[in-house]
Amino acid sequence: MRKTSGPSPRTPRLRAALVAVAVAAVTGATLAGSPASASSSGAAPATDTAQFKGVNWADPRDNFADDLLQLSGLSTTNTYRQTYAKATRIIAAFRANLGANTVRLPINPYTVDGAYWKSYRGVIDAASDQGFKVIVSYWEGTGARKDGYIDDTATYWPMWDTVVKAYKNDKHVYFEPMNEPHGYTDTEWADIAAKWLSTYAKVPRNRVFVSGAGYNDHVTSVCADPRLKGTYLSLHHYGFWKDYTTYDQWVADLKVRIGDCANRTVADEFGAPMTTGLNYDVKTPDDNFVNYVQAVTDTFRELKMGSVYWPGLRTDDTYSIQTLTGTTARPWLATTNQSGADRLAWAWGRGKPVKG
């Protein structure tokens with residue numbers, strides 16, 4: 001679940017309504033009931049999830065595509081060398097401008113199973129070579145395929161065969177079997193995640209991110225499943241899910257989705273408007289998005305949780321905290337909202353708290 005591109009409020013509200021329905025369906029049975037049992041059956045020993053300080057780098061189409069993925073600033077016609085050179089600069093800009101050390105990237109069968117894979121690997125390699133942690137996540141297609149299910153198992157598993165073979169020995173690369181598996185029940189999704197782990201048993205579990213169920217909107221059910229023990233868990237959390245919520249209500253909403261599984265959880269998507277002039281450094285109780293950003297970044301810091309902002313870079317997305325500068329061949333980035341960058345720094349253990 002993420003903010004769509006463009007300024008129109010209609011799509012976020014529609015998606016928020018759909019999420020509200022999905023979340024409501026699990027709230028009573030899952031969100032309220034799971035935290036107490038999560039640590040007893042599935043939680044791994046404490047891990048340093050705060051080590052993940054990152055951003056998503058996205059295709060302008062929101063990563064949902066029925067063809068080759070083209071990350072903002074790159075081109076599907078670029079060679080490996082060209083892709084590597086551009087990606088090296090963009091990754092360096094994420095570090096220089098934000099202090100990031102992690103990037104989350106999309107994959108799909110179209111991108112991996114053809115000739116373009118050689119070029120696309122330039123992004124992963126450029127990030128890894130700079131010491132970045134790279135979370136590689138499968139995205140489903142668009143249109144009728146955008147339903148929260150794996151589009152085609154006949155291409156899904158060969159895709160992962162290729163990716164795992166290429167990067168199983170690269171300690172910087174982490175694997176996320178699916179982004180937002182909302183078509184499945186909690187149990188169905190846990191079964192698929194368990195199958196992924198058994199299929200790629202040689203991949204260390206601490207290099208796997210198991211998405212929370214639904215729209216990655218709660219991790220309590222996957223945390224409680226002993227088959228998934230030892231993995232990281234990925235959570236998504238967005239301010240547009242609610243029309244208005246106070247700071248304290250946002251903190252409570254986030255914590256119930258995590259339960260007592262913070263020691264395994266990384267919020268690998270969260271975000272808010274960055275190009276509309278909001279100041280996230282000053283308390284503004286009557287603004288929902290300011291309340292949201294301050295609440296979640298404070299909570300990530302408090303719980304020592306890693307977080308990966310959505311998006312670090314996505315062309316024409318009002319949530320994007322970076323924008324392209326420089327030339328096509330030699331791209332660089334500029335920060336779209338310094339107060340937003342300040343809150344990321346705070347979540348990642350640096351910077352200053354919000355002003356009164």
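For this chain, numbers begin at 1 and follow the sequence in order.
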A.B. asks: So, Asn337 versus Ser339: side-chain donor-acceptor pair below 3.5 Å or not?
C.D. replies: yes

A.B. asks: Between the side chains of Tyr156 and Asn108, does any donor sit under 3.5 Å from an acceptor?
C.D. replies: no

A.B. asks: Measure the shortest side-chain to side-chain distance between Val208 and Val203 over non-hydrogen atoms and say whether it is less than 4.5 angstrom.
C.D. replies: yes

A.B. asks: List in chain and number order the residues that pass ring pair (Phe, Tyr, Trp, His ring centres under 6.0 Å) with Tyr247, two or more places apart in sequence or in another chain; answer none if no residue qualifies.
C.D. replies: none

A.B. asks: What pairs with Glu302 under salt bridge (Lys or Arg N to Asp or Glu O under 4.0 Å), at least two apart in sequence or on another chain?
C.D. replies: Lys255

A.B. asks: Go through the side-chain N and O atoms of Thr199 and Trp157 and say whether any donor and acceptor fall under 3.5 Å apart.
C.D. replies: no

A.B. asks: With a 4.5 Å heavy-atom cut-off, do Asp186 and His218 have their side chains touching?
C.D. replies: yes

A.B. asks: Check salt bridge (Lys or Arg N to Asp or Glu O under 4.0 Å) between Asp253 and all other residues, then give those that pass, not counting sequence neighbours.
C.D. replies: Lys242, Arg257

A.B. asks: State which residues pass ring pair (Phe, Tyr, Trp, His ring centres under 6.0 Å) with Tyr200; sequence neighbours excluded, sorted by chain then number.
C.D. replies: Trp196

A.B. asks: I'd like to know if Arg61 and Asp67 make a salt bridge, using a cut-off of under 4.0 Å between side-chain N and carboxylate O.
C.D. replies: yes

A.B. asks: Is there a side-chain contact between Pro106 and Leu69, using heavy atoms and a 4.5 Å cut-off?
C.D. replies: yes

A.B. asks: ring-ring contact (aromatic ring centres under 6.0 Å, His included) with Phe270: which of Phe289, Tyr238, Phe300?
C.D. replies: Phe300

A.B. asks: List the residues meeting salt bridge (Lys or Arg N to Asp or Glu O under 4.0 Å) with Arg207, not counting sequence neighbours, and say none if there are none.
C.D. replies: none

A.B. asks: Are any of the side-chain nitrogens in Asp59 or Arg314 under 4.0 Å away from the carboxylate oxygens of its partner?
C.D. replies: no

A.B. asks: Can you pull the salt bridge (charged side-chain N to carboxylate O under 4.0 Å, His left out) pairs that have at least one residue in residues 168-179, sequence neighbours excluded?
C.D. replies: Arg104-Glu176

A.B. asks: Step by step, would you call Gln294 with Asp298 a side-chain hydrogen bond (donor to acceptor under 3.5 Å, both in side chains)?
C.D. replies: CA-CA 6 Å; Gln294 294 175 355; Asp298 283 353; over 6 Å; no

A.B. asks: Please list all pairs passing the side chain to side chain donor-acceptor pair (under 3.5 Å) test where one or both residues lie in residues 275-285, with sequence neighbours left out.
C.D. replies: Asp281-Arg343

A.B. asks: Could you list the residues that satisfy side-chain hydrogen bond (donor to acceptor under 3.5 Å, both in side chains) with Lys53, not counting sequence neighbours?
C.D. replies: none

A.B. asks: If you measure from NZ on Lys146 to CZ on Phe64, what distance do you get to the nearest 0.5 Å?
C.D. replies: 5.0 Å

A.B. asks: Just to verify, what does Tyr116 make a ring pair (Phe, Tyr, Trp, His ring centres under 6.0 Å) with, not counting sequence neighbours?
C.D. replies: Tyr120

A.B. asks: In this structure, is the centre-to-centre distance between the rings of His237 and Trp250 below 6.0 Å?
C.D. replies: yes

A.B. asks: Side chains of Asn56 and Glu269: any donor to acceptor distance under 3.5 Å?
C.D. replies: no

A.B. asks: What residues form a ring pair (Phe, Tyr, Trp, His ring centres under 6.0 Å) with Tyr244, not counting sequence neighbours?
C.D. replies: none

A.B. asks: I'd like to check the salt bridge (Lys or Arg N to Asp or Glu O under 4.0 Å) partners of Arg205; sequence neighbours left out, ordered by chain and number.
C.D. replies: none

A.B. asks: Just one of Tyr309, Trp348, Tyr232 clears the ring-ring contact (aromatic ring centres under 6.0 Å, His included) bar with Phe52, so which one?
C.D. replies: Tyr232

A.B. asks: Checking Thr77 now: which residues fulfil side-chain hydrogen bond (donor to acceptor under 3.5 Å, both in side chains) with it, not counting sequence neighbours?
C.D. replies: Ser75

A.B. asks: Verify the distance criterion only: is there a donor paired with an acceptor across the side chains of Asn216 and Ser211 at less than 3.5 Å?
C.D. replies: yes

